[in-house]
Amino acid sequence: QVQLVESGGGLVQAGGSLRLSCAASGRTIRTYNMGWFRRAPGKEREFVAGISSSPFTTYYPDSVKGRFTISRDNAKNTVALQMNSLKPEDTAVYYCAAGSLITTRSRDYDYWGQGTQVTVSS
C-alpha cells in the first residue's frame, strides 16, 4: 500500500505560480509511475502531468504543456508539480496518484491522495 498526501495548494492570482508536493509513505514510489490529476466543479477528473518510474519521462496534455512541470525525488519519496502562468481555468482540486502503467487514464492508477485545492483568481 502507498499512502499519498498532497500539499501546497492555495489561492493565487492569474499569472502566478504554485508548487504542489506529494509525499508518499508505506512503500517506495521508485517503481511507480506517478501522475497529477485535477477535478474542477462539475467536471470530470482530468490528467495534468505524469512521470514514469525509469527513465523519468514526463508527459502533459496540451492544456498545461509549457506551464506545468512534474518532477520526482525517489530518495525523498516525493513528487512535485510546479505550476506557472496559472489561469482561472486551472482552478480545481489537484490529486497525486501512483500506478504501474504509464497512462493518462485515472482508472489505471492504483493509489490516490485526498487532494489539495488550487484556486486561481482573475
Side-chain angles (χ1 to χ4, degrees):
Q1 291 283 343
V2 179
Q3 291 79 44
L4 303 172
V5 178
E6 303 93 339
S7 62
L11 174 64
V12 64
Q13 288 187 331
S17 299
L18 278 176
R19 184 176 179 85
L20 305 183
S21 294
C22 174
S25 62
R27 295 184 65 179
T28 176
I29 62 169
R30 189 178 304 275
T31 60
Y32 288 97
N33 299 299
M34 303 299 296
W36 284 94
F37 290 77
R38 67 186 180 190
R39 176 174 282 165
K43 295 186 178 181
E44 295 186 353
R45 189 156 45 188
E46 174 191 18
F47 170 80
V48 296
I51 185 167
S52 59
S53 58
S54 179
F56 290 178
T57 303
T58 58
Y59 42 108
Y60 310 89
D62 289 342
S63 58
V64 307
K65 194 173 294 182
R67 301 189 298 122
F68 289 12
T69 302
I70 187 172
S71 60
R72 65 190 296 163
D73 186 337
N74 288 344
K76 294 182 179 180
N77 229 27
T78 59
V79 179
L81 183 68
Q82 178 67 42
M83 305 186 295
N84 299 327
S85 301
L86 283 163
K87 305 174 181 180
E89 51 263 44
D90 294 319
T91 295
V93 178
Y94 283 71
Y95 299 89
C96 176
S100 301
L101 301 177
I102 299 175
T103 176
T104 63
R105 299 184 305 188
S106 61
R107 67 185 185 214
D108 292 328
Y109 284 81
D110 303 311
Y111 303 103
W112 292 84
Q114 293 300 306
T116 184
Q117 176 70 47
V118 171
T119 303
V120 184
S121 63
S122 57

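- With a 4.5 Å cut-off on side-chain heavy atoms, Cys96 and Trp112 do not count as touching.
- At a threshold of 4.5 Å between side-chain heavy atoms, the hydrophobic network of Ile, Leu, Val, Met, Phe, Trp and Tyr places Met34 and Val2 in one connected group.
- Arg72 forms a cation-pi arrangement with Phe56, by the criterion of a distance under 6.0 Å to the ring centre and an angle within 45° of the ring axis.
- A perpendicular orientation is assigned to the rings of Tyr111 and Tyr32, their planes being inclined by more than 60° (bins at 30° and 60°).
- Arg38 pairs with exactly one of Lys43, Arg45, Glu46 by the side-chain contact (heavy atoms from CB on, under 4.5 Å) rule, that one being Glu46.
- Looking at Arg67, its side chain does come within 3.5 Å of a backbone N or O of Ser85 through a donor-acceptor pair.
- Close placement of the Phe47 and Phe37 rings is indicated, their centers lying within 6.0 Å of each other.
- Looking at heavy atoms from C-beta onward, Ile51 lies out of side-chain contact with Thr57 at the 4.5 angstrom threshold.
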_Derivation and outcome, side chain to side chain contact (heavy atoms under 4.5 Å, CB included), residues Leu101 and Tyr109_ = CA-CA 7 Å; Leu101 301 177; Tyr109 284 81; over 6 Å; no
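- With hydrogens and angles left out, the side-chain atoms of Asn33 and Ser52 include no donor and acceptor closer than 3.5 Å.
- Two residues are said to be in side-chain contact when any heavy atoms from C-beta on lie closer than 4.5 Å; Gln82 and Ser17 meet this criterion.
- Hydrophobic clustering of Ile, Leu, Val, Met, Phe, Trp and Tyr side chains at less than 4.5 Å, counting indirect connections, unites Leu86 with Tyr60.
- Hydrophobic clustering (side-chain heavy atoms under 4.5 Å, transitive across Ile, Leu, Val, Met, Phe, Trp, Tyr) groups Ile70 together with Ile29.
- With rounding to the nearest 0.5 Å, the separation of CG in Asp90 from OG1 in Thr119 is 11.0 Å.
- At most 12 heavy atoms of other shown residues, nucleotides or ligands fall within 6.0 angstrom of atom CD in Gln114.
- One hydrophobic cluster holds both Val12 and Leu20 under the rule that ILVMFWY side chains link at heavy-atom gaps under 4.5 Å.
- A donor-acceptor distance shorter than 3.5 angstrom exists from the side chain of Thr91 to the backbone of Val120, with no hydrogens or angles considered.
- Checked for salt-bridge contact, Asp108 and Arg105 meet the test: a charged N lies under 4.0 Å from a carboxylate O.
- Closest heavy-atom contact between Gly115 and Val93: CA-CG1, 3.8 Å.
- The shortest non-hydrogen separation linking Ser122 to Ala14 is CA-CB, 4.3 Å.
- Linking ILVMFWY residues whenever their side-chain heavy atoms come closer than 4.5 Å, directly or via other members, leaves Leu81 and Tyr59 in distinct clusters.
- Taking every heavy atom of both residues into account, Asp110 and Gly99 meet most closely at OD2-CA, 3.7 Å.
- The closest donor-acceptor contact from the side chain of Glu6 to the backbone of Cys22 lies at 3.5 Å or more, if one exists at all.
- Under the 4.5 Å side-chain criterion, counting only non-hydrogen atoms from C-beta, Met83 is in contact with Tyr94.
- Side-chain N or O atoms of Asn74 include none that pairs as donor or acceptor with a backbone N or O of Asn77 at under 3.5 Å.
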